[in-house]
Amino acid sequence: MTKIFQTLFPIVFLIFCLANIITLHDGHNWGDDFAQYILHAINLVEHKPYTENIALDLWTVVPPGFPLILSALIYWVGVNFKILKLLNVIFCGFTALIAFFLVDKKMKYPWPQIVSIWFLTAPWFFFFKQNVLSDIPFLFFVSLSIWVFLKYEEQAGKDNNSEQIFCVLSILLMGYALLIRWAGISLFFGAILYFSVVRRDWKKSLGFIFGALVASVIGINFSSSPNGHFGHSQFLPKDWLYAAWMNTAYIPKVLLDFVISESYLSKFIGPTVFSIFKILGPIIFLISTVFFMYKLSKRRISFMGCFTFLYFLGIILWPVQQGASRYILPVIIPLTTYILSWAQRLFKKSRIEKLLIGLFMIFIVKNLLVIGVNWKFNDDNLYQKETLEMAKWVIDNIPPSQHYMFYKPRALRLLTNRTGAAFWVYPEDQQHWYRRIKPLNIQYLISDKQLDQVTQYNEVKLPVDNYELTFNKVWENSRYKIFEVK
């Protein structure tokens with residue numbers, strides 16, 4: 001069996017790379033966030049202000065880490081979606097290799113190979129790779145930061161320069177993770193907590209404190225926005241508590257989705273699991289918190305354990321319900337490692353451990369079947385005939401000095417080089433979205449017939465305070481309808 005797993009891992013790795021490269025498609029779904037990353041990158045390439053002409057009411061500004069990576073590719077090949085998506089395959093492949101070494105530190109053969117193969121064959125990536133988003137690069141830099149930090153600890157006290165080198169590398173990698181996603185701050189918090197409480201060597205935490213401050217200042221310098229979401233919305237204590245409660249239910253469901261994603265089983269039991277964890281989730285969270293505090297007080301917890309808990313804590317306390325699998329990606333590998341290492345201690349050299357190996361093999365086979373069934377998956381909306389027709393009309397008829405409303409204004413900006421605004425950004429604006437038209441100087445409304453009720457009309461009149469808005473249809477195809485505002 002040893003030779004089987006040793007041979008299987010490089011074969012699966014090669015197949016993973018080839019399969020995911022040949023199934024990359026041009027275009028993109030209507031995600032909108034992807035367009036902002038690309039537009040930031042274009043601004044960097046063209047030496048323009050970071051936030052210039054992305055949206056009229058840009059409600060959030062992402063840190064520069066991922067746009068900087070994109071800008072290197074855009075500089076050479078332009079906005080080529082297949083090339084930009086290739087980054088996902090590269091970063092995920094390297095993350096699988098890092099997963100192998102992380103698992104190998106806590107568990108021996110065949111678990112490093114099994115976990116890495118399971119990770120490589122997970123259907124979530126086969127679907128998610130079609131997105132130009134920061135999640136996979138963030139996962140890579142988080143995983144690499146953890147591995148380098150562990151190497152730094154291994155070199156402690158040795159008579160060479162390796163300890164200092166790994167320390168500096170660890171700080172730099174954590175800093176770049178933070179510059180990709182603000183959630184990367186949990187790496188620094190984990191290191192500071194670990195050195196201050198577990199190791200009781202607070203001096204070693206100073207470099208990480210300095211690194212966190214420098215990376216945060218850089219990120220804030222790029223990301224400051226007068227229209228920031230938290231600067232606009234007021235979150236009451238009850239809103240935070242409700243979001244935390246829902247997040248404690250979402251996280252177990254999301255973890256389950258990751259394990260049995262895109263299977264009939266997940267669709268069948270998913271809603272039931274969510275209902276159950278609305279009750280069990282807060283209880284599990286409290287038990288986990290008590291367990292973490294106990295281990296911390298006994299100084300029997302690792303840096304990886306500190307990071308994992310703090311990252312989960314951030315997800316739970318974030319005042320927005322986190323219902324997507326991608327938010328828990330950075331802790332999938334540490335969490336899987338902990339669960340399996342605990343199971344191995346309990347059932348070492350027993351039939352149960354063999355059953356666990358068999359269970360993972362079933363998951364891997366299931367993953368391959370799901371990928372095979374969805375081999376031709378393509379969620380592109382951007383380059384569909386109807387969308388390109390609408391974009392051409394916008395380019396030909398709306399001058400750069402005029403503006404539109406569309407539910408995905410950043411993506412349409414990328415297509416047309418024309419700047420617009422969303423119908424609404426904050427929940428309190430949804431009902432009376434039309435009140436935003438005059439303050440934003442909107443001349444056109446672009447409506448998607450699949451989403452917007454206004455598309456059933458050719459002319460609309462809306463009284464607004466002491467004036468009236470009139471929308472007249474000026475263009476239409478099978479999916480979109482464009483109104484001129486008068």
Side-chain angles (χ1 to χ4, degrees), residues 25-43 51-62 66-67 70 79 81 84-85 127-128 130-135 225 227-229 232 320 323-324 326 378-398 400 402-427 429-431 433-434 436-437 440-455 471 473-485:
H25 296 292
D26 208 358
H28 208 283
N29 56 53
W30 273 129
D32 212 34
D33 284 350
F34 79 93
Q36 181 164 341
Y37 285 116
I38 295 173
L39 290 168
H40 282 312
I42 292 172
N43 285 340
T51 60
E52 183 174 285
N53 291 330
I54 293 177
L56 289 179
D57 56 342
L58 192 59
W59 52 94
T60 185
V61 181
V62 298
F66 185 51
L70 292 177
V79 180
F81 279 103
L84 297 182
K85 292 174 183 179
F127 300 108
F128 190 77
Q130 303 293 351
N131 294 271
V132 181
L133 293 172
S134 64
D135 300 84
S225 172
N227 298 316
H229 187 76
H232 183 282
V320 180
R326 61 194 184 101
N378 184 1
D379 61 349
D380 169 54
N381 281 305
L382 205 65
Y383 286 172
Q384 295 299 305
K385 175 177 176 289
E386 297 82 1
T387 304
L388 293 177
E389 288 175 350
M390 179 266 288
K392 185 178 185 306
W393 191 94
V394 171
I395 294 170
D396 293 342
N397 295 275
I398 302 179
Q402 293 186 339
H403 307 298
Y404 57 82
M405 267 190 173
F406 182 58
Y407 80 113
K408 300 294 183 181
R410 295 170 291 176
L412 193 55
R413 164 70 192 183
L414 183 63
L415 272 179
T416 65
N417 205 32
R418 303 293 188 270
T419 308
F423 285 94
W424 58 275
V425 175
Y426 308 104
D429 296 329
Q430 183 175 4
Q431 184 176 359
W433 59 269
Y434 49 86
R436 289 161 41 84
I437 291 175
L440 292 173
N441 192 27
I442 299 297
Q443 285 82 30
Y444 294 91
L445 301 180
I446 303 173
S447 185
D448 188 330
K449 294 179 180 180
Q450 297 180 4
L451 300 172
D452 304 326
Q453 292 181 340
V454 73
T455 53
F471 312 145
K473 187 190 78 171
V474 293
W475 183 86
E476 180 180 11
N477 70 1
S478 59
R479 178 164 180 179
Y480 302 98
K481 185 179 286 190
I482 300 179
F483 298 86
E484 185 176 11
V485 179

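Position 1 is the first residue of the sequence, and the numbers go up from there.
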Discussion item. Test your reading of the model: is there a side-chain donor-acceptor pair from Arg413 to the backbone of Asn53, 3.5 Å cut-off?
Written reply: yes
Discussion item. Before you tell me yes or no, could you show the steps for Leu445 and Trp433 under side-chain contact (heavy atoms from CB on, under 4.5 Å), namely the whole-Å CA-CA distance, both residues' side-chain angles and the distance that decides it to 0.1 Å?
Written reply: CA-CA 12 Å; Leu445 301 180; Trp433 59 269; 4.0 Å; yes
Discussion item. Can you confirm whether Thr387 sits close enough to Leu415 that some side-chain heavy atom of one is under 4.5 Å from a side-chain heavy atom of the other?
Written reply: yes
Discussion item. For Leu39 and Leu414: C-alpha separation, side-chain torsions, deciding distance, then whether side-chain contact (heavy atoms from CB on, under 4.5 Å) applies.
Written reply: CA-CA 7 Å; Leu39 290 168; Leu414 183 63; 4.0 Å; yes
Worksheet item: Is there side-chain contact between Ile38 and His28, with heavy atoms separated by less than 4.5 Å?
Response: no
Item to complete: Check the pair Glu476 / Lys449 against salt bridge (Lys or Arg N to Asp or Glu O under 4.0 Å), numbers first and verdict last.
Response: CA-CA 10 Å; Glu476 180 180 11; Lys449 294 179 180 180; 2.6 Å; yes
Discussion item. Within the structure provided, determine whether Val394 and Tyr444 are in side-chain contact (heavy-atom separation under 4.5 Å).
Written reply: no
Item to complete: Report yes if the side chains of Lys408 and Asp448 come closer than 4.5 Å at any heavy-atom pair, otherwise no.
Response: no
Response to the item:
Scanning both residues in full, the closest heavy-atom pair of Ala422 with Pro409 reads N-CG, 3.5 Å
Practice prompt. Please report the closest heavy-atom contact between Tyr404 and Ile442, naming both atoms and the distance.
Written response: O-CD1, 3.5 Å
Worksheet item: Will you find, in the side chains of Asp26 and Tyr383, an N or O donor that is under 3.5 Å from an N or O acceptor?
Response: no
Fill in: Asn43 vs Ile54, side-chain contact (heavy atoms from CB on, under 4.5 Å): CA-CA, chis, key distance, verdict
CA-CA 10 Å; Asn43 285 340; Ile54 293 177; 4.3 Å; yes
Discussion item. Just verifying a value: how many Å separate Met405 CE and Asp57 CG, rounded to the nearest 0.5 Å?
Written reply: 7.5 Å
Response to the item:
Here the pair of heavy atoms bringing His403 nearest to Leu440 is CD2-O, 4.3 Å
Item to complete: Test Ile398 against Trp393 for side-chain contact (heavy atoms from CB on, under 4.5 Å), laying out the working first.
Response: CA-CA 8 Å; Ile398 302 179; Trp393 191 94; 4.0 Å; yes
Worksheet entry | Leu70 and His40, any side-chain heavy atoms less than 4.5 Å apart | no
Discussion item. Between Asn477 and Lys385, is there a side-chain heavy-atom distance shorter than 4.5 Å?
Written reply: no
Discussion item. Could you measure the distance from the CG atom of Leu84 to the CG atom of Asn131? Nearest 0.5 Å is fine.
Written reply: 12.5 Å
Worksheet item: Does a side-chain heavy-atom distance below 4.5 Å link Phe34 with Leu382?
Response: yes
Worksheet item: Between Ala41 and Pro67, what is the shortest heavy-atom contact and its length?
Response: CB-O, 3.3 Å
Fill in: Atom pair CD (Gln36) and CG (Leu133), whose distance is rounded to the nearest 0.5 Å
11.0 Å
Discussion item. Please find the pair of heavy atoms, one from Ala421 and one from Arg436, that lie closest to each other, and give the distance.
Written reply: CB-NH2, 4.2 Å
Practice prompt. Return yes if a side-chain donor-acceptor contact under 3.5 Å exists between Asp379 and Gln130, otherwise no.
Written response: no
Discussion item. I'd like to know whether the aromatic ring centres of Trp30 and Phe406 sit less than 6.0 Å apart in this structure.
Written reply: yes
Worksheet item: Looking at NZ of Lys392 and CG of Asn397, how far apart are the two atoms once the value is rounded to the nearest 0.5 Å?
Response: 8.5 Å
Response to the item:
Output for pair (Ile395 CD1, Arg418 CZ), nearest 0.5 Å, gives 6.5 Å
Fill in: Separation of Thr416 OG1 from Leu388 CG (nearest 0.5 Å)
11.5 Å
Discussion item. Quick test of your reading: applying salt bridge (charged side-chain N to carboxylate O under 4.0 Å, His left out), list the pairs with at least one residue in residues 27-42, sequence neighbours left out, ordered by first then second residue.
Written reply: Asp32-Arg410, Asp33-Arg410
Discussion item. Tell me whether the rings of Tyr37 and Phe66 are parallel (<30°), tilted (30 to 60°) or perpendicular (>60°).
Written reply: perpendicular
Item to complete: List the atom of Met390, the atom of Ile482, and the distance in Å for their closest heavy-atom pair.
Response: CG-CD1, 4.2 Å
